[in-house]
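Okay, so here's the structure we're looking at.
In the text below, chain A, chain B and the rest are named by the order of the sequence lines, each starting its count at 1.
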Amino acid sequence: MSDKVLVCVAWPYADGPLHLGHITGAMLPPDILARYMRLLGKDVVMVSGSDTHGTPITVRAELEGVKPIEIVERYHNNMLDSLVGLGLAYDLYTHTNTENHKAVTQDMFLTLLDKGYIFLDSMTQFYCDHCQRYLADRFVEGTCPHCDYDNARGDQCDHCGRPLDALELKLPRCRFCGATPHPQETEHYFLDLTKFSEPLHEWLKDKPHWRSNVLNFARGLLESGLRPRAITRDIDWGVPVPVEGFEHKVIYVWFDAVIGYLSATIEWAQLQGKEERWRDFWQSEDCQSYYFMGKDNIWFHTIIWPAMLLGYGDLNLPYDVPANENLNLEGRTFSKSRNWAIFVPDLLERYDPDPVRYVLTATMPEAQDSDFTWRDFVRRNNDELVATYGNLVHRVLTFAYRRFDGQVPQPGRLEAADHQLLDAMTRAFVDVGREIGACHFRAGLSAAMAAAAEVNRYLDVAAPWKTIKSNPQAAATSIYVALRAIDSLKTLFLPFLPKSSQALHEMLGYKGTIIGRQWIEEISEDGVKHRVVRYDGSKNVGEWAPSHLPVGQKLRDPKPLFVKLEDEVIEQEVARLKGGGGH
RNA sequence: UGCGGGGUGGAGCAGCGGCAGCUCGUUGGGCUCAUAACCCAAAGGUCCUAGGUUCGAAUCCUAGCCCCGCUACCA
């Protein structure tokens, strides 16, 4: 395995707050992986940011009568708080409207242009004279040429389901003003994907560690044949096309957003004061890069971005693209527009981050769509997290604290059962680690829970609450072994539940951090300020290894790691959803 | 239309050629250190349907039914 790991997280679009779909689909899995890799001692960088360009932002800005930058800043800042609140430890979370990103994007564009992978061509698009803009297919409405439905969108007819080209629509009208747009020729730059068909095919040949849904999808795309794809747009919000005469056009958001992985690593290196450090993660053969996203983005990360990297040259291609399927909410697709969503800022007002992380990991849509329900949230919190792990920690710590003078007791000679438990903990590091390393996060969490159940069984047999009366030495040994076991659980659960692991670390009497430090920082770029999330794990004292809890260490007054939720929560939250709560 | 994923005890999932397994729930028992938590045991399954391959199929093949997503100008 490589010493360096680059963890890339899909860039959420800054047109609304983060919701659970973003978190479980794209943002939580990489955090689990990155935290695990850091514990292993790997050199890890995890980057992402807000995608701040594109038509929907400009449309929203117009509706509200504000400038695009205001929309972007509102939601970008909102996201920063959510990320820190959830404990998602990005080494850098930035955004796409920075000078650095603009420079890197334009360099990528010009290099691909020089090398002949980008060409100029003209195309016909609807233009609305009233709105004075070209209309993307989805912003044109009209009558479906197939079924005569009179409210079809230009990209697809909602009635017959057929994909459309807006130019085919009968009686086209502008979705914003209702005026009749007219076809007009415009010039755009195209990424010539046909040139990458063969190399991409070669690259995808040997990917046995990839998820089959991702690999099949990517191979299917290749087999159906790649076409050149327009990568510029006729709007004024985005990275300008760096070609004379084309400054009024911008680079298409997805061409621009994927470059963010590279530009953010460069920005991170600059912030570290080691400008060339980004090369360790992009040009060293000793680095593996992971890309996390929902399945709707597989296309951009297995075809377009690798093509761009191949075209640019001397940059590493993705090592793995463990895309997730979709998370539904109470049986229905998340929908921001229909207000059917659970937004993170709202959620964090009422719940701690770790129960949320626990439930989202346990129901993570790794191989198929899954469903978030409030009933399930309460059930998993109470019957799994609190019952098996939280209660275990509490029963061991309170017993030790009260009966052994608030410190780790001196054990007697360890018996077979004691060794068996400690060996099981050692094996758990192998099991949980193997699953996380393979991006099987549900299985990893489940293996950690199995380890916690093992400790509960041990206690039941050892019964220190009995032996303390008849044979205090035996009780001391059992509690010592159990304390070491939960000290190991602290590490096993850390990638999933960082804040409670830190809390347990402290209750066990340790000092220092095992989860690093996260903060929001305002950065000045040639006098222009922007806000980012940063992370510093350099002072971490944790490692992916079983406990070496010292005998005699002073414990701190134990508090429950997690709280039980009342059943009423289910009704209240469902009512909040239906009432359009959240936002 | 094409493509991808899925249909397994009450719920959610794993297994993908060799006695059908996990978590939760249910029932019975144990324990009483612990957040009525913990531990043990039991009940509960035509593995979507119909054909086929095989000594043997939930697992492979064929046909069909149903659910979800994508289909390249939302990201």
Interatomic distance, A:Met507 CE vs B:A34 P [rounded to whole Å]: 16 Å

Whole-Å distance separating the CZ atom of A:Arg219 from the P atom of B:U71: 22 Å

Nearest-angstrom distance, P atom, B:U27 to B:A43: 16 Å

Residue-phosphate contact under 4.0 Å: A:Lys564 side-chain N/O, B:A37 OP1/OP2: yes

Separation of B:G12 C1' from A:Leu360 CG (nearest whole Å): 15 Å

Nearest-nucleotide pick for A:Trp254, side chain only, options being B:A75, B:C24, B:G4: B:A75

Distance below 4.0 Å between A:Asn216 side-chain N/O and B:G5 OP1 or OP2: yes

Residue mapping more 5' on RNA chain B - nearest nucleotide basis, A:Asn213 or A:Asp460: A:Asn213

A:Glu325/A:Asn213 under side chain to side chain donor-acceptor pair (under 3.5 Å): CA gap, chis, key distance, verdict: CA-CA 9 Å; A:Glu325 301 287 311; A:Asn213 52 348; 2.6 Å; yes

Nearest-nucleotide pick for A:His394, side chain only, options being B:A75, B:A34, B:C68: B:A34

Salt bridge present between A:Lys195 and A:Asp192 (N-O < 4.0 angstrom): yes

Spacing of A:Leu204 atom CG relative to B:G4 atom P, expressed in whole Å: 15 Å

Under-4.0 Å side-chain N/O to phosphate OP1/OP2 contact, A:Gln368 with B:U8: no

Complement of B:C38, any strand, by Watson-Crick or G-U distances under 3.5 angstrom: B:G30

Candidate pair A:Phe441 and A:Phe496, rule ring pair (Phe, Tyr, Trp, His ring centres under 6.0 Å), full reasoning: CA-CA 9 Å; A:Phe441 304 108; A:Phe496 307 101; 7.5 Å; no

A:Asp354/A:Lys499 ion pair, N-O < 4.0 Å: no

Paired nucleotide for B:G12 [Watson-Crick or G-U wobble; both distances under 3.5 Å]: B:C22

Nucleotide of B:A14, B:C38, B:U32 approaching A:Ala367 most closely (side-chain heavy atoms): B:A14

Sugar-phosphate only, base, or nothing, as touched by A:Gln125 at under 4.0 Å among non-hydrogen atoms: base

Which nucleotide in B:A34, B:C13, B:G69 has an atom nearest any side-chain atom of A:Arg442: B:C13

Opposite nucleotide pairing with B:G45, Watson-Crick or G-U, both atom distances under 3.5 Å: none

Near-ring test A:Tyr189/A:Phe109, centroid separation under 6.0 angstrom: yes

Sugar-phosphate only, base, or nothing, as touched by A:Leu459 at under 4.0 Å among non-hydrogen atoms: nothing

Closest to side chain of A:Phe399, choosing from B:C33, B:A14, B:C38: B:C33

Length of the line joining A:Asn326:CG and B:G6:C1', which is rounded to integer Å: 13 Å

More than 12 heavy atoms of other groups within 6.0 Å of A:Glu566 CD: no

Integer angstrom distance from the C1' of B:G44 to that of B:U26: 9 Å

Touch class at under 4.0 angstrom, heavy-atom based, for A:Gly220 against every strand present: nothing

Nearest-nucleotide comparison on RNA chain B, the residue closer to the 5′ end among A:Phe190 and A:Asn382: A:Asn382

Opposite nucleotide pairing with B:A72, Watson-Crick or G-U, both atom distances under 3.5 Å: none

Any A:Arg375 side-chain nitrogen or oxygen under 4.0 Å from OP1 or OP2 of B:A11: no

Given B:U35, B:G12, B:A72, the nucleotide with the shortest approach to the side chain of A:Arg227: B:A72

For A:His101, the option from A:Thr52, A:Ile259, A:Thr94 that meets side chain to side chain contact (heavy atoms under 4.5 Å, CB included): A:Ile259

Distance below 4.0 Å between A:Arg138 side-chain N/O and B:C74 OP1 or OP2: yes

Rounded distance (Å) that lies between atom P of B:G30 and atom CG of A:Asn456: 20 Å

Phosphate-side-chain proximity, A:Thr333 and B:G69, N/O vs OP1/OP2 below 4.0 Å: yes

B:C74 phosphate, OP1 or OP2, under 4.0 Å from A:Arg233 side-chain N/O: no

Sugar-phosphate, base or nothing in reach of A:Leu561, heavy atoms under 4.0 Å: base

Any A:Tyr252 side-chain nitrogen or oxygen under 4.0 Å from OP1 or OP2 of B:A75: yes

Nearest-Å distance once atom C1' is located in both B:G15 and B:C60: 15 Å

Sugar-phosphate only, base, or nothing, as touched by A:Val253 at under 4.0 Å among non-hydrogen atoms: sugar-phosphate

Sugar-phosphate only, base, or nothing, as touched by A:Gly294 at under 4.0 Å among non-hydrogen atoms: nothing

Sugar-phosphate, base or nothing in reach of A:Pro560, heavy atoms under 4.0 Å: base

Which nucleotide in B:C24, B:A75, B:C38 has an atom nearest any side-chain atom of A:Phe300: B:A75

Sugar-phosphate only, base, or nothing, as touched by A:Phe562 at under 4.0 Å among non-hydrogen atoms: base

Salt-bridge present (A:Arg379, A:Asp376; N to O < 4.0 Å): yes

Euclidean distance, atom CG of residue A:Asn328 to atom C1' of B:C68 [Å, nearest integer]: 7 Å

Within the 6.0 Å centroid threshold, strictly below: A:Tyr351 and A:Phe377: yes

Sugar-phosphate only, base, or nothing, as touched by A:Asp296 at under 4.0 Å among non-hydrogen atoms: base

Spacing between A:Phe377 atom CZ and B:A11 atom C1', to the nearest angstrom: 18 Å

Touch class at under 4.0 angstrom, heavy-atom based, for A:Ala387 against every strand present: sugar-phosphate

Per A:Trp465 side chain, nearest of listed nucleotides B:A75, B:U32, B:C38: B:U32

